[in-house]
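Notes follow the structure.
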Amino acid sequence: MSEPRVTVTKLEFPYSRTLGPVLGAFIGGLREGKLLGIRARDGRVLAPPVEYDPETGESLGSEMVALGPEGTVVAWTWVGQPTAKHPLGRPFSFALVKPDGADTAMVGPVDAGSPDSMSTGMRVRARFNPEPKGLVTDLTWEPAR
Amino acid sequence: MASSDIAVVATAQTPSVREANPSEVQLLVPTIAAAIEKAGIERREIGFTCAGSCDYLTGGPFAFVSNLEAAGAWPPISESHVEADGAWALYEAWMRLHEDDIDVALAFGSGKSSPSNPAEVWAQQLDPYYLAPLGLDPVSLAGIQAQALLASGKATERDFAEVVAASRRNAKSNPNAQLSGDFDVDALLAEPYFRQPLRKHDCPPISDGAVAVVLARGERARSIAAAAGRRPAWIRGMDHRVEPHQPGMRDLTSSASTSLAARKAGYDGGPLDVAELCSTFSPQELVLRSALGLGEEVSVNPSGGPLAGNPIMAVGLVRIAEAAERVMDGSAGRALAHATAGPLLQQNLVCLMEGE
Amino acid sequence: MSAPPKEHLVMEHLVTLTYREKLTENLNRFADNLLEARIVGHKCPSCGRVYVPPKGYCPLCVVATGNNDEVELPDRGTLTGFTIITPVAYYGQQQTEPFVWASVLLDGADTPLTGQNITGVPHSELRMGLRVKARWKPREQRSVEGMTNRGWGGFGDVVESFEATGEPDAGEEVYKEHIF
Amino acid sequence: MRERCAIVGVGQTHFKKRRDDVSIAGLLREAVDRALEDAQLSLADVDAVVIGKAPDAFEGIVMPELFLADALGAAGKPLLRVHTAGSVGGSTVVVAAHHVVAGIHGTVLAVAWEKQSEGNAQWGLAGGRSGGIGAGGAFAPWMRAYIQQSGAPDYIGWMVAVKDRRNAAKNPYAHLKMPDITLEEVRDSPMLWDPIRFQESCPSSDGACAVVLTAGGLVGRSPGPPAWIHALSVRSELGSFPGRNPVRPQAGVDCAHDVYRQTGITNPRQEIDMAELYVPFSWYEPMWLEGHDIAGPGEGWKMVDSGETDIGGAFPVNPSGGVLSTNAIGASGMVRFAEAALQVRGLAGEHQVGEVHTALAQAYGGAAQYFAMGVLRDTPPE
């Protein structure tokens, strides 16, 4: 019997997601070089801005708060061999970054060149895509000078 | 919610392998048949069947429909499906057995990870606005968690390696394991990073597999077990809890939902012989041990756990099956099984079982 | 703050997932045979039903079937059901004209081949019971690339169509249990 | 243990072709908030959340309930995802109710949804491949077989379409509202899959539905009238095998007989006051009337013909406008239960059919192989 044939199935679709006011404000903000969070009822500022309190489900309204442009690395890992699905084509860090002014951290890529440049507590700065695509990938972090 | 008269009475699973040539249904056909045969029951005695699988892992919308062909669905059966690990299918079947009108239920879980790139599939499980477009793969997420654990001072990289060495050592006696053997911790630590601070061996293998579990109630559970010369693994309690999704909005170095589920399942921290934990990455075993308050005397993952074989969508139910087998064969008096779902232990299920 | 412009409230995200897998042994042998213009199914050792394409098990008896259960079938059978599909446009859709989607029960089989094209009669004369025979593509044009393990596309691209034979229609007893 | 269980809150979104004003979370919360308001409860009162939707590929998110956990106020609670194809909305109510009936939890929130405009359901139904036949293409041969077997005239399908679209005009949440649609308009609409015409087919909708279920002892917390659950059943069968009767699937027969048995109903046509049935193509109304033994063989279409299934008829079917008027696939099965509950509670507003003591809710899915059914009443079980 011959070696079994390899079959390839591709599931591909260009999804079109409606964002609503809160997510829309964040993604729209990136287009304008702004980083936004949202204020919860208890005063905490959540980044990325979510529509409902993660603990209680309470609706948070839409009081957006300007954050950054710098932030602090809370935790990180190093991606030595990025794949085509990753936001950067060269080695980078996926990190939890707490933007200045926020009480929570968000996951994003840090374009740091080498894992030796990375450390918990390091300061990073937001870099915005000059040709925004309207995706969260319009935001990249880089080590602050 | 503790109920003392529902038990696991039979289990069957495929070996965990890197690539199985049979289709997912073909893996399920003999597995379900074996569980039913071990229970010594007629197929028609099953009053409720519940399946767990993932369309996107199999690679097509409605993929779960094919799995019905392994469940003996003619004449029609009372059946449901969860888009989740088979452990949640077992939860639904266990719940259904509380209603007194049926005595036997079947739960199964199945998944073939080999056709896909799991890193790409599971990135699509994340928040579609803030996380999925980053191509944020589960290994990178686990790397972030591992680093947070190191920074918290709760663990060291050597601890991670020791988990791996123990897993593969335990797996030597598990015929269904995919990875097993004797490994030196220092040698493991000399391996290069894959996602710093994780090395490849800190991550689970890519696996195909299936598992089926028969539950029975009261006298029927006793008679089934007696006929097989074993004892039922009585489910003393079962519960599952979820946490907020965003990794930055919860403490990654602990697992609050595991602790809560264990408490709700009636686990009081008392003596335990075996714990089968769905610790997909080595640091997660440390997080789960701590969340459950397991002492050194507890045998954790005697099967080797997910690091020795990770058939996603079955792997959680495999934990329950492995723990139940220890109770049924009398080698454990009290056993705890854990299953998880979502990124970085977002959702956790705990099942507490005892012998007579 | 002012409301963001409407176009900023939509996010376009192309999701692409690729699945590569070996054909199951039963389908791979089925494919080998199709390329040679032979149609080989599995006969359930328990109930005797013949499945084509072979599933590798009988879903009614829930027992596995294997190479020892192979049976060759004629390339001739009966139309058991059909729909004229007017294709709707969607991402990846290549069909633009109405097409026939018919089920053909080969003589001796217990499961129909679905999704077949029927020629030799106008669409208006399609009917259950119509007798048809495979019009095989030339050997070098036969392809089984579209086959997958996932329950659809199980017949590859090996025939031009099933063509009406002109035989008298089969009776209702032949197709009434196969309205799919 | 068997606890009594009632639906005390019902919420739906406004269903539309594209809800471009909200995120997925926002869409779900619209239904959840309405259901909680109806029950006069808050998220804090909910012990567990059960969520259902059709295939994940419709929106391109694997197990979306995980990212939606926050918006559902599920943190610290059990969250269970059901997926049984088109029947899933009904199955979700059934699974949620079992949490209560089994005595596991006191108050359960059930949510079902689909935001079809994020993707394309035809692409999803085709498994992402070219040459998809759509649900209509799959079901058309069976409808043709029904028409042949029953001798039903063509216009029966048109009548169902007219009835449901006109009913939908009375339902504030329905998607397609066509108060003036005529038989001629349906008859003259394009043939999609013979015998199904465009106006005899369901739309593609964005929307969500939510239901609050609570144990008998907790019903008093909600001021509105409860809809008591008297029977629940699910049945599944193989979608294709030699000898299968897809026109009258045995799983549908068994499921119906199971709920009749549980409620002691011996003559469903007499003892049930109204039904919400999953009818995505018009011919499925008579097919289910017969397939669930509400009407005898060949009698289902006559119930349609005589107006018996109209809002003012003796056995109203789909006064909400049904799936023919509103189809966010994952939600559609739950809407059947929600609308049946509204009827029993006397809260259906303009499409209330009168006094309803006993209502039947039904959903089906896959190749007409998955069934979920329930019987609701205005009085508690004994």
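Order of the sequence lines fixes the chain letters, A, B, ..., with proteins taken first and strands second; residue numbering starts at 1 for each chain. What's counted below: heavy atoms across the whole structure, side chains too, no hydrogens, waters or symmetry copies.
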Turns out that what part of T111(C) lies under 4.5 Å from chain D's heavy atoms comes down to side chain
To the nearest 0.5 Å, atom CD1 of I133(D) lies from atom OG1 of T83(C) at 6.0 Å
Practice prompt. Please check if the side chain of S130(D) supplies one atom and the backbone of Q94(C) the other of a donor-acceptor pair under 3.5 Å.
Written response: yes
So, the part of E237(D) with a heavy atom under 4.5 Å from chain C: the answer is neither
query: Are the side chain of Q122(D) and the backbone of V88(C) linked by a donor-acceptor contact shorter than 3.5 Å?
result: no
- Query: Is it true that the NZ or CZ of R49(C) lies under 6.0 Å from the centre of F241(D)'s six-membered ring and within 45 degrees of the ring axis?
  - Reply: no
Determine whether more than 12 heavy atoms belonging to other residues, nucleotides or ligands lie under 6.0 Å from atom CZ of F198(D). no
Interatomic distance, CD@Q95(C) vs CZ@R129(D), rounded to 0.5 Å, equals 12.0 Å
Could you check whether atom NZ of K133(C) has more than 12 heavy atoms from other residues, nucleotides or ligands sitting under 6.0 Å from it? yes
Honestly, the part of L192(D) sitting under 4.5 Å from a heavy atom of chain C is backbone
Applying a strict 4.5 Å limit to non-hydrogen atoms, the region of A109(C) in contact with chain D is neither
Taken to the nearest 0.5 Å, the spacing of L9(C) CG from D21(D) CG works out to 9.5 Å
If one checks every heavy atom of P87(C) against chain D at 4.5 Å, the contacting part turns out to be neither
Assess whether atom CZ of R20(C) is packed by more than 12 heavy atoms of other residues, nucleotides or ligands within 6.0 Å.
no
Assert top hit (heavy-atom pairs under 4.5 Å, partner chain D, pool I84(C), D110(C), V15(C), T86(C)) equals D110(C)
message = Tell me whether the count of non-hydrogen atoms from other residues, nucleotides or ligands lying under 6.0 Å of CD in Q149(D) goes above 12.
response = yes
Distance col, row E118(D):CD vs M11(C):CE, nearest 0.5 angstrom, shows 9.0 Å
| Sub-3.5 Å donor-acceptor pair from the side chain of Y90(C) to the main-chain atoms of G119(D), do we have one? | no
d(D194(D) CG, H123(C) NE2) to nearest 0.5 Å is 12.0 Å
